[in-house]
Amino acid sequence: MTTYVWDYLPEYEAEREDLLDAVDTVFRSGKLVLGPSVGGFEREFADYHGVAHCTGVDNGTNAVKLGLQALGVGPGDEVITVSNTAAPTVVAIDGTGATPVFVDIREQDFLMDTEQVAAAITPRTKALLPVHLYGQCVDMAPLRELADRHGLVILEDCAQAHGARHHGRLAGTMGDAAAFSFYPTKVLGAYGDGGAVITSDDEIDGDMRRLRYYGMEKTYYVVRTPGHNSRLDEVQAEILRRKLRRLDGYLAGRRTVAERYEQGLGDLADRGLLLPATNEGNDHVYYVYVVRHPRRDEIIEALKRYDISLNISYPWPVHTNSGFAHLGYGTGSLPVTERLAGEIFSLPMYPSLPAGLQDKVISAVREAVLAL
Ligand SMILES: *Cc1c(COP(=O)(O)O)cnc(C)c1O
């Protein structure tokens with residue numbers, strides 16, 4: 001039997017009654033679009049973060065795109081981010097008409113090297129887009145300082161960091177606004193697509209609500225600029241409400257899995273296998289459990305024998321994709337990003353990952369690394 005890097009079926013079996021009840025609740029409500037479940041989820045997700053507003057949207061990519069637009073980003077602007085991220089981060093910037101600008105990542109945690117941001121700022125820079133990648137937060141203090149000094153806005157990409165904390169503060173509460181994805185694999189995942197933008201700024205939230213609803217202030221009137229149809233689905237919102245109540249339990253489950261990996265594999269550091277490091281002040285939520293080894297490809301090949309499916313997040317840094325060749329980042333332009341892309345791989349990680357499967361992964365990885 002294949003051990004998958006991610007699998008929702010054990011969770012579905014455990015939560016099935018509640019999830020089916022969520023679907024039934026919506027179907028019987030008489031309101032299938034922007035009804036009580038979207039409104040309820042928005043209030044509860046904002047409350048979870050202690051912010052004033054949440055606007056539900058149809059997916060995380062559009063959360064980033066509309067979030068940037070609500071912050072005033074558009075054609076001619078530059079947005080500083082990283083190339084070591086899910087392509088949608090960059091696709092969303094491109095979707096606003098703005099130009100993505102990349103800085104490299106740090107060797108020790110794969111996150112934005114904030115020391116490189118100052119040199120990337122130009123008169124056209126409008127926004128900073130830190131990505132809290134793999135489940136832990138980028139250092140926000142240096143970014144806030146730069147944003148204040150240069151009059152920039154900050155949108156946090158929290159698609160991988162639901163519930164992560166940075167010096168006690170939740171991911172998503174440190175920028176001007178924050179974008180979340182509820183794609184099924186995410187730390188808070190729907191049973192389909194979903195996304196949201198949170199903010200404590202009334203005007204940004206007002207713009208978000210218009211942007212996701214054709215640009216309309218109220219039904220039938222496009223008051224300002226034309227927007228999109230990017231509404232969070234009512235059924236997904238009701239499922240997310242139920243799952244939000246269990247979010248802290250999911251985080252605990254992920255941390256238990258991470259601890260077991262650490263106990264089982266931590267001693268392989270002197271054989272070149274490096275486990276994820278948590279920065280001072282961060283609470284990691286392990287959206288993915290990314291390890292690295294200089295002979296990554298041989299390890300992945302060896303693990304096929306054990307029927308364990310591994311993932312690489314991400315094998316091709318965004319700037320090396322042909323669709324972004326026009327940005328002009330040649331090979332060698334982001335050396336740490338490019339080198340780590342050849343060394344990283346992700347072990348199976350989800351809160352309901354059975355302990356037996358985890359032990360199977362640990363012993364297989366041990367054998368593969370020790371045989372090199
Ligand atoms: C998943 C993800 C997105 C996009 O979310 P979708 O819901 O798949 O559109 C954006 N940014 C990051 C970092 C992601 O991991």
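Start at 1 and go down the list; that is how both ligands and their atoms are numbered. Positions are given from 1 along the sequence. All of these numbers come straight from a predicted model, not from anything done at the bench.
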S.K.: Taking NZ, NE, NH1 and NH2 as the nitrogens, is one of them in Arg209 or Glu217 under 4.0 Å from a carboxylate oxygen of the other?
M.R.: no
S.K.: Are Asp283 and Arg255 within salt-bridge range, i.e. N to O under 4.0 Å?
M.R.: no
S.K.: At less than 3.5 Å, what protein N or O atoms come close to the N or O atoms of ligand 1? Include the distances to 0.1 Å.
M.R.:
from     : atom 1 : to     : atom 2 : distance (Å)
ligand 1 : 5 (O)  : Ser181 : OG     : 3.2
ligand 1 : 7 (O)  : Gly60  : N      : 2.7
ligand 1 : 7 (O)  : Ser181 : OG     : 2.7
ligand 1 : 9 (O)  : Gly60  : N      : 3.3
ligand 1 : 9 (O)  : Thr61  : N      : 2.8
ligand 1 : 9 (O)  : Thr61  : OG1    : 2.5
ligand 1 : 11 (N) : Thr89  : OG1    : 3.3
ligand 1 : 11 (N) : Asp157 : OD1    : 3.4
ligand 1 : 11 (N) : Asp157 : OD2    : 2.9
ligand 1 : 15 (O) : Gln160 : NE2    : 2.8
ligand 1 : 15 (O) : Lys186 : NZ     : 2.7

S.K.: Looking at Arg43 and Asp47, does any basic side-chain N land under 4.0 Å from a carboxylate oxygen?
M.R.: no
S.K.: In terms of side-chain geometry, is the basic nitrogen of Glu301 or Lys304 positioned less than 4.0 Å from the acidic oxygen of its partner?
M.R.: yes
S.K.: Should the pair Arg212-Glu42 be classified as a salt bridge under the 4.0 Å nitrogen-to-oxygen rule?
M.R.: yes
S.K.: Taking only Lys NZ, Arg NE, NH1 and NH2, and the carboxylate oxygens of Asp or Glu, determine whether Glu78 and Arg124 approach each other closer than 4.0 Å.
M.R.: yes
